[in-house]
Number of protein chains: 2
Amino acid sequence: MDGVRAESGQGRQRRREASIDDVARLAGVSGQTVSRVANGRSNVGAATRERVLAAMSELGYRPNSAARALRSGRFRSIGVIVFTLHSYGNLRTLEAVAAAATERRYTITLMPLTRPTHADVGAALDRLVEQAVDGVILLVESHLAGTDGAGLRRGIPLVVVDSWSADRPAVVDTDQFTGARLATEHLLDLGHETVRHVAGPRDSYSAGLRLQGWRDTLRARGRPVPEPIHGDWYSDSGYAAGQRLAAEPGLTAVFAANDQMALGVLRALTEARLRVPQDVSVAGFDDMPEARNFVPPLTTVHQDFTAVGATAVHALVQEIEGGPPAEYKEITPRLTVRASTGEPAVRRPGTSLPAAGG
Amino acid sequence: MDGVRAESGQGRQRRREASIDDVARLAGVSGQTVSRVANGRSNVGAATRERVLAAMSELGYRPNSAARALRSGRFRSIGVIVFTLHSYGNLRTLEAVAAAATERRYTITLMPLTRPTHADVGAALDRLVEQAVDGVILLVESHLAGTDGAGLRRGIPLVVVDSWSADRPAVVDTDQFTGARLATEHLLDLGHETVRHVAGPRDSYSAGLRLQGWRDTLRARGRPVPEPIHGDWYSDSGYAAGQRLAAEPGLTAVFAANDQMALGVLRALTEARLRVPQDVSVAGFDDMPEARNFVPPLTTVHQDFTAVGATAVHALVQEIEGGPPAEYKEITPRLTVRASTGEPAVRRPGTSLPAAGG
DNA sequence: CTCAAGAATGTTGACGTCAACATCCCTGTA
DNA sequence: TACAGGGATGTTGACGTCAACATTCTTGAG
């Protein structure tokens with residue numbers, strides 16, 4: 001048909017892309033031969049191959065991935081379900097996942113969540129399955145409380161990053177526990193009697209692990225374990241926590257569960273005229289690039305998000321391509337010491353620590 | 001590998017998803033009727049519809065998007081090409097784009113770039129076209145120097161966010177110029193003689209506009225226009241710039257082209273024992289959430305990234321669905337004043353400074 | 001009671017690709 | 001010269017969906 005309307009020459013009409021048959025016709029061969037050339041098969045004559053390639057480039061042929069997917073049942077696409085990118089860890093992990101997937105010639109289909117509930121994750125998963133992905137990476141840090149994750153099985157490979165446990169599918173994560181231990185030990189080694197903790201949200205898996213790492217370290221050394229203060233990962237909550245802490249006599253060291261909250265703590269302490277690190281030492285977790293330029297530069301636990309992302313993709317692709325489900329894998333973090341931590345000031349006689357839970 | 005293994009009953013074998021025909025058979029109707037039900041057509045008897053829906057849910061039927069795409073030529077997917085997510089603006093824009101697209105039931109295909117060169121953008125675009133998207137949003141802030149963008153036409157709708165100009169397709173952006181003017185005027189209105197500028201990279205389009213906004217404002221008021229210092233958007237470069245600025249006598253006000261660099265400036269000034277805002281006022285651009293908790297809290301230009309993302313998606317979808325190409329659209333930013341800016345010290349006798357933080 | 005009109009449902013084929021199978025032709029050996 | 005062997009190329013059909021068209025059934029006016 002001559003096209004339904006004429007209008008201006010504008011290519012408004014989704015001009016049919018050149019198909020394999022168009023190329024075949026132009027090159028004077030069969031569609032199958034074109035397909036062979038397109039897929040780099042060897043059993044095509046050199047001259048023919050040349051002719052086909054010429055025809056392809058003349059027509060600007062690109063294989064239609066929908067047709068390929070329909071035929072093969074594979075999409076070469078990975079779905080990523082993510083709640084918020086405001087949290088530095090999620091962001092970096094997503095970035096690493098995207099890079100790793102691209103390298104393997106997989107495409108990333110991003111599925112944002114409005115709420116991190118179990119129902120929403122399920123809905124997102126459904127949309128992804130429908131939307132043609134070969135596997136899914138779940139980047140939603142939270143326990144999804146009250147759930148065992150069983151409801152999330154959809155018959156396609158699933159890798160969970162930085163999240164819950166029960167009935168867990170393949171999981172990749174930073175070793176949060178060790179990271180927290182490193183930070184806490186560092187502060188104790190500097191001579192602090194104990195360390196206060198500004199924790200992440202209660203329903204967060206990694207926040208829980210960091211809290212445990214901190215608490216177990218204190219216990220192992222026989223130090224008092226003060227009540228942690230829970231924040232929501234963001235700097236405002238760190239500020240609020242910092243205000244409470246600043247009011248406590250005897251405060252000398254704070255370990256915040258991430259850098260963003262540490263920033264808020266720093267502000268609160270500074271505004272309370274407490275000097276860091278002379279009066280109070282502060283450590284964070286994540287090592288976001290900005291942490292180097294906090295005032296003062298922040299001692300923090302460095303996470304290798306690139307490794308986390310690459311590992312997650314590796315595990316997922318392996319499963320997609322027929323391998324066995326990957327097992328649990330942890331990436332080891334390391335401590336980066338900067339100016340925000342130091343030895344405690346000379347303790348004034350008679351100063352005692354606040355009681356836990358007070 | 002043991003290849004065709006038996007294993008446990010686990011559904012390891014990519015079990016064929018139920019197709020429309022499976023549902024049809026179970027419900028005792030034709031495939032077409034199932035299709036009609038699946039697409040919510042009205043011309044289906046109530047009883048039949050019930051039966052079909054029951055069969056669907058029993059089989060867990062989900063339409064195969066590859067087949068749909070093949071038949072319709074539409075994928076309901078939007079490609080997003082992005083260079084780095086380390087820049088807060090890109091991140092937020094991506095997030096907003098993803099949310100807006102999801103709302104319209106479009107999927108996001110993320111295509112990260114290893115380098116922001118013209119060739120790489122072209123390659124990414126090719127992959128996206130092939131990978132089945134209906135349109136593309138380009139989120140690569142840079143001039144892509146020496147290029148007119150013409151080479152990027154691929155016959156599919158393209159919307160460019162926050163980037164260059166020549167032969168530009170539909171473009172959405174914050175009104176960077178006005179934003180910079182707001183910040184600069186704010187500082188001048190406080191009584192500063194002039195304002196120093198820590199600019200973004202030279203090849204960045206928005207950095208250029210912010211620089212222009214700053215310069216034009218100074219000129220319009222007949223103020224001296226000092227040489228700008230160029231950074232790379234990240235806090236380290238802000239720190240370096242801040243160190244240079246701190247050494248200058250007579251420095252009273254700095255406008256950084258984004259918050260991350262402003263953070264570095266704050267650190268450098270603080271380390272040089274210059275007080276903010278008593279000695280030097282500092283303003284940023286972006287209003288990232290952390291800016292509220294800088295020390296001191298940062299006066300900055302608030303960008304409505306949500307609007308930018310939503311507008312971009314709106315424009316793109318409109319074009320995808322047959323509407324006319326959208327034209328240039330700018331989102332107006334506004335200034336958020338916090339504690340990092342104030343009157344210059346020791347101007348007139350009797351002027352009292354705000355007692356920040358204390 | 002007849003028949004037109006419209007509603008409900010079924011049948012066919014095409015979208016683009018590629019595995020499986022079918023041909024065709026060349027080469028070298030008996 | 002005849003024919004097996006193998007490489008090059010062509011033909012067919014199926015993947016799942018849905019528009020277009022075909023058929024069947026229902027209803028009510030005349």
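The chains referred to below are lettered A, B, ... by the order of the sequence lines, with proteins before strands, and numbering in each begins at 1.
In this structure the side chain of B:Phe75 never reaches within 4.5 angstrom of the side chain of B:Val133, judged on heavy atoms.
Under 3.5 Å, the side chain of A:Arg62 and the base of C:dG16 form no donor-acceptor pair of N or O atoms. In this model, a side-chain donor or acceptor of B:Arg36 finds a partner on the base of C:dG10 within 3.5 Å.
Rounded to an integer number of Å, the gap from CD of B:Gln32 to P of C:dG13 is 15 Å. Rounded to whole Å, atom C1' of C:dG10 lies 16 Å from atom CZ of B:Arg41. Taking atom CD1 of A:Ile20 as the reference point, atom P of C:dA19 lies 10 Å away to the nearest angstrom. In this structure, the CG atom of A:Asn64 is 16 Å from the P atom of D:dG16, given to the nearest Å. Atom C1' of nucleotide C:dC15 and atom CZ of B:Arg74 are separated by 14 Å, given to the nearest angstrom. Per the geometry, CG belonging to B:Asp21 stands 12 Å off P belonging to D:dA14, to the nearest Å.
Side chain of B:Arg76 to main chain of B:Arg105: a donor-acceptor pair is present (N/O by atom type, distance under 3.5 Å, no hydrogens or angles). A donor-acceptor distance shorter than 3.5 angstrom exists from the side chain of B:Asn90 to the backbone of B:Thr84, with no hydrogens or angles considered. The backbone N or O of B:Glu330 lies less than 3.5 Å from no partner atom in the side chain of B:Asp173, so there is not a single donor-acceptor pair.
Along DNA chain D, the nucleotide nearest to A:Val29 and the one nearest to B:Ser65 differ in position, and the one closer to the 5' end is contacted by A:Val29. Heavy-atom distances to DNA chain C give each of B:Ser42 and B:Leu70 a nearest nucleotide, and the one nearer the 5′ end belongs to B:Ser42.
Counting non-hydrogen atoms of neighbouring residues, nucleotides and ligands closer than 6.0 angstrom, the CD atom of B:Glu103 reaches no more than 12 such neighbours.
Phosphate contact (OP1/OP2 of D:dC18, side-chain N/O of B:Asn39, threshold under 4.0 Å): present. Between A:Arg68 and C:dC18 there is a side-chain N or O to OP1 or OP2 distance below 4.0 Å. Between B:Ser35 and the phosphate of D:dG16, there is no side-chain N or O to OP1/OP2 separation shorter than 4.0 Å. For the pair A:Thr33 and D:dG10, the criterion of a side-chain N or O lying under 4.0 Å from OP1 or OP2 is met. At D:dT9, one or more side-chain N or O atoms of A:Thr48 fall inside 4.0 Å of OP1 or OP2 (strictly under the cut-off). Listed pair B:Asn43 / C:dT9 fails the phosphate criterion, with no side-chain N or O lying under 4.0 Å from OP1 or OP2.
Defined by atom type and a distance below 3.5 Å, a donor-acceptor pair is missing between the side-chain atoms of B:Thr107 and A:Thr109.
Checking D:dG16, C:dG10, D:dA14 against every side-chain atom of A:Arg71, the shortest atom distance belongs to D:dA14.
The bend of the helix from C:dC1-D:dG30 to C:dA30-D:dT1, defined by the angle between the axes of its first five and last five pairs, stands at 60° to the nearest 10°.
With respect to B:Leu139, the side chain to side chain contact (heavy atoms under 4.5 Å, CB included) criterion is satisfied by exactly one of B:Val308, B:Val161, B:Ile81, B:Leu91: B:Val161.
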